[in-house]
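The next block holds one structure in the form of structure tokens; read it before the comments.
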Amino acid sequence: MSSLQGKTIVLGVTGGIAAYKAADLTSKLTQAGAKVHVIMTESAVKFVAPLTFQTLSRHHVFVDTFEERNASVVSHIDLADSADLFVIAPATANVIAKLALGLGDDMLSTTLLATMAPILIAPAMNVHMYGNPAVQQNIQTLRSRGIHFIEPGEGQLACGYVGKGRLAEPLEIVASIEGHFANGQPWRGRRVLVTAGGTVERIDPVRYITNDSSGKMGFSIAEEAKRLGAKVTLISAPTALPAPDGVEMVRVHSAQDMLEAVLSRLEQTDVIFKAAAVADYRPALKAEQKIKKSAETLTLELVKNPDILKEIGTRKQTQFVVGFAAETDKLDEYALDKLKRKNCDLLVANDVSQEGAGFGTDTNIVKIFDSRGLVESLPMMSKVEIARKLLKLVAERLPAAGKDS
Ligand code: PMT
């Protein structure tokens, strides 16, 4: 039975071309057994007729705050109270700003202010609007209040630009909503440690060696594990990403820092995801002062860094260990070799030479191995979806029942 069966979802639809996708979302949620009440803004009505949502949800669609159909209740309070979950999809920059500021000037914004239900927002807008510091600040404000966001996708936008801003696909939004309601069974209370980002190995005070890891893969795992009820610690090398809500964030720089942060938490960890791109070598000496330009050539001596994953593999007792492998050739062979040498329970291999896979992208293409060989080969999908699939695979392999501690 779907985790949506019998749940009441209030769906806010705001004015963007992606409003048409909200019709599909309404249909999918209703088919999964949810009771969907749609609130549209005046602008949304310019894109899709309320009748579309009424037909798909089989419920009246609210647009006007003062259209009180039932004299025994106040509509926006009644709707706000009825929600098990409040979803806004698509969410414009305007509704995000209103919610961040606490404005209530239409049916949707007043209902949002009145609800005590968890809120999930799926933004959709032009790439520059999405990147605008004011919009990003509003998103941060809402995140810090515990509101969850489903990241927009990257690609061709209706406005003609290519970039980030496309509404997440309805299936992805449904999966996120299902995850919300399924919250907790295998993951509740599990202590999860995730590493992310590319370590920074200093040459001198202004120069360093690093790699292209953005941290997106590891942050996605941390966020999804948290959403499923795990107690998550995220140990991250420098990235541009904000700390996910409700996750213990430990920021480190070098491989040595990461090793110490990981090992000091190993005993209190149930599951480890080692998505960080750790530098294999570091400069033998870190100059205290900026190195001055002099000779025509400069030789930098590098020494081997500790292999954190291997160290975990050696010390692990009951911990379930998921390693990663970034390869450019012989993916299966090298991945299986790493899995065995580093004593991992699962290994996620990405061919980072493939477009849409590996470093920096919002998507990845991975093959997941255990000691017997290939477990699953996942086509290109968002890192968030990969994180979800991975957590599901791991959950199937964990000792029964989540821990309550
Ligand atoms: O951060 P993104 O931009 O989203 O990109 C995601 C990613 C490509 C970084 C991620 O999917 C990934 O592949 N992470 C592992 C990158 C890596 O370092 O691969 P590797 O094959 O060199 O190392 C194998 C494993 O050993 C990894 O789990 C790594 O964390 C670990 N390792 C490696 C070297 C070392 N000194 N210590 C380690 O723990």
Side-chain angles (χ1 to χ4, degrees), residues 151 154 193-201 209-224 234-241 244 252-263 265-266 271-282 302-316 319-369 378 380-387 389-390 394:
E151 290 262 309
E154 256 179 64
L193 192 154
V194 183
T195 70
T199 62
V200 165
E201 312 297 332
I209 298 172
T210 189
N211 58 65
D212 286 330
S213 171
S214 61
K216 287 177 186 170
M217 192 65 250
F219 275 59
S220 298
I221 297 170
E223 268 188 286
E224 288 306 302
L234 175 58
I235 299 177
S236 178
T239 73
L241 303 174
V252 296
H253 279 80
S254 65
Q256 190 61 43
D257 298 342
M258 187 173 275
L259 174 77
E260 283 160 26
V262 167
L263 293 187
R265 291 166 175 83
L266 192 58
V271 184
I272 299 165
F273 294 90
K274 195 71 191 50
V278 183
D280 289 323
Y281 293 90
R282 67 175 183 280
L302 302 179
V303 293
K304 217 171 194 177
N305 261 332
D307 189 320
I308 307 170
L309 182 58
K310 202 165 172 197
E311 194 58 43
I312 296 169
T314 308
R315 296 186 187 207
K316 79 170 187 183
Q319 293 88 344
F320 190 97
V321 179
V322 183
F324 275 70
E327 307 294 350
T328 51
D329 65 334
K330 297 189 190 159
L331 186 77
D332 299 30
E333 184 187 326
Y334 289 156
L336 274 167
D337 174 60
K338 276 181 189 163
L339 176 121
K340 286 178 187 147
R341 268 194 303 112
K342 303 194 183 196
N343 196 18
C344 301
D345 296 287
L346 280 182
L347 190 124
V348 183
N350 31 202
D351 176 349
V352 295
S353 64
Q354 272 185 291
E355 197 161 327
F359 294 95
T361 49
D362 284 341
T363 54
N364 209 351
I365 306 166
V366 303
K367 282 183 168 181
I368 303 170
F369 297 87
L378 299 177
M380 191 190 299
M381 52 180 71
S382 73
K383 284 180 175 164
V384 175
E385 283 175 287
I386 297 222
K389 298 253 182 209
L390 186 56
V394 174

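Every number for a ligand or one of its atoms is a count from 1 in the order of the listing. Nothing here was measured: the structure is a model prediction, and the numbers come from that model.
Remark: side-chain polar atoms of N364 are not paired, donor with acceptor, to backbone N or O of S382 under 3.5 angstrom. In this structure a side-chain-to-backbone donor-acceptor pair under 3.5 Å is missing from S254 to V200. Side chain of K316 to main chain of N343: a donor-acceptor pair is present (N/O by atom type, distance under 3.5 Å, no hydrogens or angles). In this structure, the side chain of T199 engages the main chain of A279 through a donor-acceptor pair within 3.5 Å. Between the side chain of T363 and the backbone N or O of G356, at least one donor-acceptor pair lies under 3.5 Å. Of the possible donor and acceptor atoms, none in the side chain of D362 sits under 3.5 Å from a partner among the backbone N and O of E154. Judged by distance alone, the side chain of T195 and the main-chain N or O of A276 form a donor-acceptor pair under 3.5 Å.
Close to ligand 1: G358, with a non-hydrogen atom less than 4.0 angstrom away. The closest approach between any non-hydrogen atom of N364 and ligand 1 is below 4.0 Å.
Among all non-hydrogen protein atoms, the one lying nearest atom 25 (C) of ligand 1 is F324 O, 2.9 Å. The protein non-hydrogen atom at the shortest distance from atom 19 (O) of ligand 1 is A326 N, 3.3 Å. Among all non-hydrogen protein atoms, the one lying nearest atom 22 (O) of ligand 1 is K338 NZ, 4.2 Å. In terms of protein heavy-atom proximity, atom 34 (C) of ligand 1 is closest to D280 OD1, 3.3 Å. Among all non-hydrogen protein atoms, the one lying nearest atom 39 (O) of ligand 1 is L309 N, 2.8 Å. Nearest protein neighbour of atom 13 (O) of ligand 1, counting heavy atoms only, is N350 ND2, 2.9 Å. Looking only at heavy atoms of the protein, atom 14 (N) of ligand 1 is closest to A275 O, 2.9 Å. Nearest protein heavy-atom contact of atom 33 (C) of ligand 1 is K342 NZ, 3.8 Å.
When heavy-atom distances to ligand 1 are checked against a 4.0 Å cut-off, I312 has no atom that comes that close, whether in backbone or side chain. When heavy-atom distances to ligand 1 are checked against a 4.0 Å cut-off, S213 comes that close through both its backbone and its side chain. Contacts with ligand 1 closer than 4.0 Å are made by backbone heavy atoms (N, CA, C, O) of P306 only, the side chain lying farther away. When heavy-atom distances to ligand 1 are checked against a 4.0 Å cut-off, K310 has no atom that comes that close, whether in backbone or side chain.
In terms of polar-atom proximity, defined here as any N/O pair under 3.5 Å, V352 makes no such contact with ligand 1. Annotation: G197 places no N or O atom under 3.5 Å from an N or O atom of ligand 1; distance criterion only.
Each of the atoms 1 (O), 2 (P), 4 (O) of ligand 1 lies under 4.0 Å from some heavy atom of K216. Shown in contact with K383 at under 4.0 Å from a heavy atom are these atoms of ligand 1, numbered in order with element: 2 (P), 3 (O), 4 (O), 5 (O). Shown in contact with G360 at under 4.0 Å from a heavy atom are these atoms of ligand 1, numbered in order with element: 2 (P), 3 (O). The distance from ligand 1 to the heavy atoms of G215 drops below 4.0 Å at these ligand atoms: 1 (O), 2 (P), 3 (O).
Taking both residues in full, the closest heavy atoms of D351 and L331 are given as N-CD1, 3.6 Å, listed atom of the first, atom of the second, then distance. What you find for D212 and F359 is that their closest heavy atoms are C-CD2, 3.5 Å.
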Check the pair I272, L266 against side chain to side chain contact (heavy atoms under 4.5 Å, CB included), reporting the backbone distance first and the verdict last. CA-CA 9 Å; I272 299 165; L266 192 58; 3.3 Å; yes
Go through the steps to decide whether K304 and D280 satisfy the test side chain to side chain contact (heavy atoms under 4.5 Å, CB included), and finish with yes or no. CA-CA 6 Å; K304 217 171 194 177; D280 289 323; 5.8 Å; no
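Other residues, nucleotides and ligands contribute at most 12 non-hydrogen atoms within 6.0 Å of the NZ atom of K389.
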